[in-house]
Q: 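Let me give you the structure first, and then I'll get to my questions.
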Amino acid sequence: AAIETDIGNTTDATMQMMTTQIGRARNICLIAFLLIAPVVAVGMLTAISLARPLRQIIAYIERLAEGDIPDKLMTPYKGEFEHVRLHLNRLIEMTTRLLQEIAGLIHAVEQGNLRVRGQAETFSGQWQTLIIGINSLVDAFEAPFQTIAQSMESVAKGEIPERLEGTHAGDFEKMQHSVNAMLKTL
């Protein structure tokens with residue numbers, strides 16, 4: 001009976017000690033959770049706050065790369081994302097202006113007005129170089145056409161103009177030879 005009493009007391013003491021240890025472990029886990037949960041929550045919120053503007057900026061850049069000019073990003077961001085947003089909006093604005101300038105030149109040429117030129121001075125860098133290049137392209141067409149038009153006006157008035165002079169290449173050279181051949185037969 002004494003052994004049974006000793007075993008019972010030992011079992012009760014062991015159970016009480018285990019219950020105390022489990023309680024302590026539970027408290028430690030609860031404290032760890034309460035300390036870690038806010039850190040995890042802040043991390044998740046930070047990741048979400050970084051992902052949203054990044055996704056929107058990437059979507060805008062993809063649209064620009066495909067030739068689809070979006071409206072400006074109006075939602076302000078914080079930190080470096082705001083800096084990126086402002087520059088992306090400048091790119092959208094510049095691309096829109098450039099396309100409008102080129103559309104105006106195309107319209108003028110379609111209407112037969114070869115004297116219109118793009119306003120290259122309102123652009124900078126390679127955008128300005130592009131407008132200067134388009135102006136040069138229109139110049140390359142205008143000069144031979146003006147020369148031939150003047151000769152045709154003279155013929156229409158009954159005058160025989162002098163041969164067309166100048167160095168032209170390709171199709172312009174063919175036109176010059178054709179006009180000179182016509183003038184020779186007059």
Side-chain angles (χ1 to χ4, degrees), residues 19-149 166-173 175:
T19 303
T20 302
Q21 291 298 326
I22 290 172
R24 285 183 184 159
R26 186 188 62 211
N27 288 341
I28 289 172
C29 288
L30 182 60
I31 290 170
F33 175 76
L34 291 174
L35 291 174
I36 293 173
V39 172
V40 170
V42 168
M44 289 177 64
L45 289 174
T46 301
I48 290 169
S49 72
L50 292 176
R52 186 175 301 131
L54 192 56
R55 277 194 306 263
Q56 189 173 27
I57 288 168
I58 289 170
Y60 267 56
I61 291 170
E62 286 174 348
R63 286 179 64 187
L64 280 165
E66 295 296 323
D68 177 20
I69 312 302
D71 292 332
K72 289 181 180 180
L73 277 166
M74 300 311 286
T75 306
Y77 296 132
K78 293 181 181 173
E80 291 300 313
F81 285 118
E82 178 64 7
H83 186 70
V84 171
R85 181 187 75 87
L86 293 173
H87 285 285
L88 184 58
N89 282 344
R90 281 185 57 209
L91 177 61
I92 290 168
E93 181 182 314
M94 183 59 62
T95 304
T96 301
R97 282 185 46 232
L98 182 68
L99 292 174
Q100 288 170 346
E101 189 75 17
I102 292 170
L105 290 169
I106 290 169
H107 180 72
V109 170
E110 288 174 341
Q111 298 300 311
N113 187 353
L114 298 179
R115 294 211 165 109
V116 173
R117 298 295 180 272
Q119 302 299 310
E121 67 278 358
T122 64
F123 295 92
S124 61
Q126 292 301 309
W127 304 125
Q128 185 178 55
T129 302
L130 178 63
I131 297 297
I132 290 169
I134 292 171
N135 288 344
S136 296
L137 179 66
V138 175
D139 288 341
F141 277 90
E142 182 191 21
F145 282 134
Q146 290 298 328
T147 302
I148 291 170
T167 305
H168 300 291
D171 291 334
F172 293 128
E173 183 180 25
M175 286 180 9

Q: Could you tell me which non-hydrogen atom of G118 sits nearest to which non-hydrogen atom of N135, and how far apart they are?
A: N-OD1, 2.6 Å

Q: Looking at residues at least two apart in the chain, or sitting in another chain, which of them share a side-chain contact (heavy atoms from CB on, under 4.5 Å) with V42?
A: T46

Q: Taking salt bridge (charged side-chain N to carboxylate O under 4.0 Å, His left out) as the cut-off, I'd like each qualifying pair that reaches into residues 35-46, sequence neighbours left out, listed once.
A: none

Q: Tell me, please, which residues at least two apart from F141 pass ring-ring contact (aromatic ring centres under 6.0 Å, His included).
A: F172

Q: Is the shortest heavy-atom distance from the side chain of R90 to the side chain of L86 under 4.5 Å?
A: no

Q: With rounding to the nearest 0.5 Å, note down the distance linking CE in M94 to CD1 in I92.
A: 12.5 Å

Q: If you measure from CZ on R26 to CD1 on I31, what distance do you get to the nearest 0.5 Å?
A: 11.0 Å

Q: Going by the ring-ring contact (aromatic ring centres under 6.0 Å, His included) test, which pairs reach into residues 68-96, not counting sequence neighbours?
A: H83-H87

Q: Please tabulate, for the side chains in residues 66-73, all donor-acceptor contacts under 3.5 angstrom to protein atoms that are two or more places apart in sequence or on a different chain.
A:
from, atom 1, to, atom 2, distance (Å)
D68, OD2, R63, NE, 2.9
D68, OD2, R63, NH2, 3.3
K72, NZ, E93, OE1, 3.1

Q: Run the side chain to side chain donor-acceptor pair (under 3.5 Å) test against E62 and tell me which residues pass, sequence neighbours left out.
A: none

Q: Nearest 0.5 Å, what's the CG-CG distance between L35 and L30?
A: 9.5 Å

Q: Can you tell me if CZ on R52 sees more than 12 non-hydrogen neighbours from other groups inside 6.0 Å?
A: no

Q: When you compare the side chain of T19 with that of I22, does any pair of heavy atoms fall below 4.5 Å?
A: no

Q: Not counting sequence neighbours, list each pair that qualifies as a salt bridge (charged side-chain N to carboxylate O under 4.0 Å, His left out) and has a residue in residues 104-120.
A: R115-E142, R117-D139, R117-E142

Q: Which residues pass the side-chain contact (heavy atoms from CB on, under 4.5 Å) test with L130, sequence neighbours left out?
A: L98, I102, I134

Q: How close do L64 and L91 get, heavy atom to heavy atom, and via which atoms?
A: CD1-CD2, 3.8 Å

Q: Report the C-alpha separation of I61 and I58 in whole Å, then their side-chain angles, then the decisive distance to 0.1 Å, and conclude whether the side-chain contact (heavy atoms from CB on, under 4.5 Å) test is met.
A: CA-CA 5 Å; I61 291 170; I58 289 170; 5.6 Å; no

Q: Partners of E82 by salt bridge (charged side-chain N to carboxylate O under 4.0 Å, His left out), sequence neighbours excluded?
A: R85

Q: Do Q111 and V116 touch side chain to side chain, with heavy atoms closer than 4.5 Å?
A: no

Q: Could I get the full list of side-chain contact (heavy atoms from CB on, under 4.5 Å) partners for T129, not counting sequence neighbours?
A: Q126

Q: What residues form a side-chain contact (heavy atoms from CB on, under 4.5 Å) with Q128, not counting sequence neighbours?
A: A120, F123, I132

